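Working notes, structure below.
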Amino acid sequence: MLQRQEPAPAGIKSMSETTKTDVLIIGAGPVGLFAVFELGLLDIKADLVDILDKVGGQCAELYPEKPIYDIPGTPIITGQGITDALMHQIKPFHPTFHLGEMVTALEKIGDPLFRVRTDAGKTFEAKCVVVAAGGGSFQPKRPPIKGVEAYEEKSVFYAVRKMEQFRDKRLLIVGGGDSALDWTLNLQPIAKRLTLVHRRDEFRGAPDTVNKMRALVASGGMDLKIGQVSVLEGADGTLTAVTVKGNDGKESRIELDAMLPFFGLTMKLGPVAEWGLKMEDELIPVDTGTFETSIPGIFAVGDINTYPGKLKLILSGFHEAALMSQKAFHYVFPEKRLVFQYTTSSTSLQKKLGVA
Ligand SMILES: Cc1cc2nc3c(=O)[nH]c(=O)nc-3n(C[C@H](O)[C@H](O)[C@H](O)COP(=O)(O)OP(=O)(O)OC[C@H]3O[C@@H](n4cnc5c(N)ncnc54)[C@H](O)[C@@H]3O)c2cc1C
């Protein structure tokens, strides 16, 4: 079962107590997920943090319906399919997910012991850290509207972290993809009034969602404007109205409390570069015997690492996660001896997997 912790509302930093865990995995892409499995076989408990509000990294976010043909033993599986399969495979180990949060700070506080903080105010203490941050953090694309930065996090939001924040508010959603349409349908029932603005009268969202949105417009439940937001009105971060310039050149002024632009996501390295790790061309060099970084106890697996011959493939990341776990075991259980075992023949591993 996916154990998800509700993130703090955008802009609100809750002072929570410290969560202690064996291994903190930064990134819940396919490699971060498989790391849970390999660590779990060795009785190592993991917490995962991901900036996205779902697991699967690039596979789930960039190509959920595309088939992948080079996963060993699996001739064809989609991006979402492999994510679902990995979630099924790691179920016996009950990882805790902290989604919709970005790891901002990582510091060494012991030998090894690390303190990790997120932008939602959470603090973790972990014996090891696994950086499985892929191409970096997915971050929302800023819409090309003059002066929009001044209203961000106060009246302009690129993600919905808590729907209640928008109850009884006049909302303007901008965009024509799945996120814009899904949030239109989800927020319309609780908003005071909702307007969707898109630059053309064609939508990239799922047909069923588009039909539901059009039905709401037809019944008077919400407004649809075809055009682009051209002017923002407000002061001190509080947006009060926008002007929408229609494709016919006509302008309309809409009063509002919050604007939610959904213009897609872009990948940026983000805070990884600030954690004191040796970096090469925005990648983390690792020892290929252990996948440990320049700081003992911090590992890097998947697309974020580099070494001679590195291939940015899911299968490479899976191999890296297996070797990383062997070294992490010695940090987590310094007094224990590690015995190599096969899942086919080890009753103890099968018990952990719930099959024996
Ligand atoms: C269109 C496309 C097709 C592809 N096809 C194939 C294929 O056929 N076969 C194949 O093997 N590979 C393929 N790949 C590559 C494959 O998707 C990657 O190798 C794989 O996703 C890497 O996994 P990862 O877990 O290392 O990183 P990612 O999938 O990038 O996941 C990293 C996660 O870390 C999170 N993150 C980053 N920084 C932070 C932070 N500071 N705090 C919290 N979270 C953070 C991100 O939000 C992200 O979810 C393809 C890629 C693309 C784009």
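Remember, it's a predicted structure, so these values are computed and weren't measured experimentally. As the structure lists them, so they are numbered: ligands from 1, and atoms in each ligand from 1.
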Taking C-beta and beyond as the side chain, do [X] and [Y] meet within less than 4.5 Å on heavy atoms?
X	Y	result
L353	T343	yes
I26	V130	no
F97	D50	no

Numbering as shown, the atoms of ligand 1 that approach [X] to under 4.0 Å (heavy-atom distance):
X	answer
G302	26 (O)
G135	30 (O)
I26	40 (C), 42 (N)
G27	33 (C), 34 (O), 35 (C)
E101	43 (C)
V49	43 (C), 44 (N)
L52	47 (O), 49 (O)
M267	30 (O)

N/O separation below 3.5 Å, [X] to ligand 1:
X	value
L62	no
D70	yes
Q58	yes
V103	yes
Y63	yes
D303	yes
M102	no
I51	yes

To the nearest 0.1 Å, how far is [atom] from its closest protein heavy atom, and which atom is that?
atom	result
atom 10 (C) of ligand 1	L313 CD2, 3.6 Å
atom 27 (O) of ligand 1	G134 CA, 3.1 Å
atom 47 (O) of ligand 1	D50 OD1, 2.8 Å
atom 24 (P) of ligand 1	V31 CG2, 3.8 Å
atom 8 (O) of ligand 1	I68 CG2, 3.4 Å
atom 11 (O) of ligand 1	I314 N, 2.9 Å
atom 23 (O) of ligand 1	P30 CG, 3.4 Å

Salt-bridge present ([X], [Y]; N to O < 4.0 Å):
X	Y	answer
E107	R115	yes
K122	D119	no
R200	E202	yes

[X] and [Y]: side-chain donor and acceptor closer than 3.5 Å?
X	Y	result
Y331	E292	yes
Y158	E152	yes
Q58	D303	yes
S137	Q139	yes
S325	E38	no

Just wondering, are more than 12 heavy atoms of other shown residues or ligands nearer than 6.0 Å to [atom1] in [X]?
X	atom1	answer
K352	NZ	yes
R253	CZ	yes
K245	NZ	no
D236	CG	no

Check each heavy atom of K312 against ligand 1 and say whether those closer than 4.0 Å belong to the side chain, the backbone, both or neither.
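Looking at K312 and ligand 1, just backbone atoms fall under 4.0 Å.
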Specify side chain, backbone, both or neither for I304, according to which of its non-hydrogen atoms lie closer than 4.0 Å to ligand 1.
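For I304, no heavy atom sits under 4.0 Å from ligand 1.
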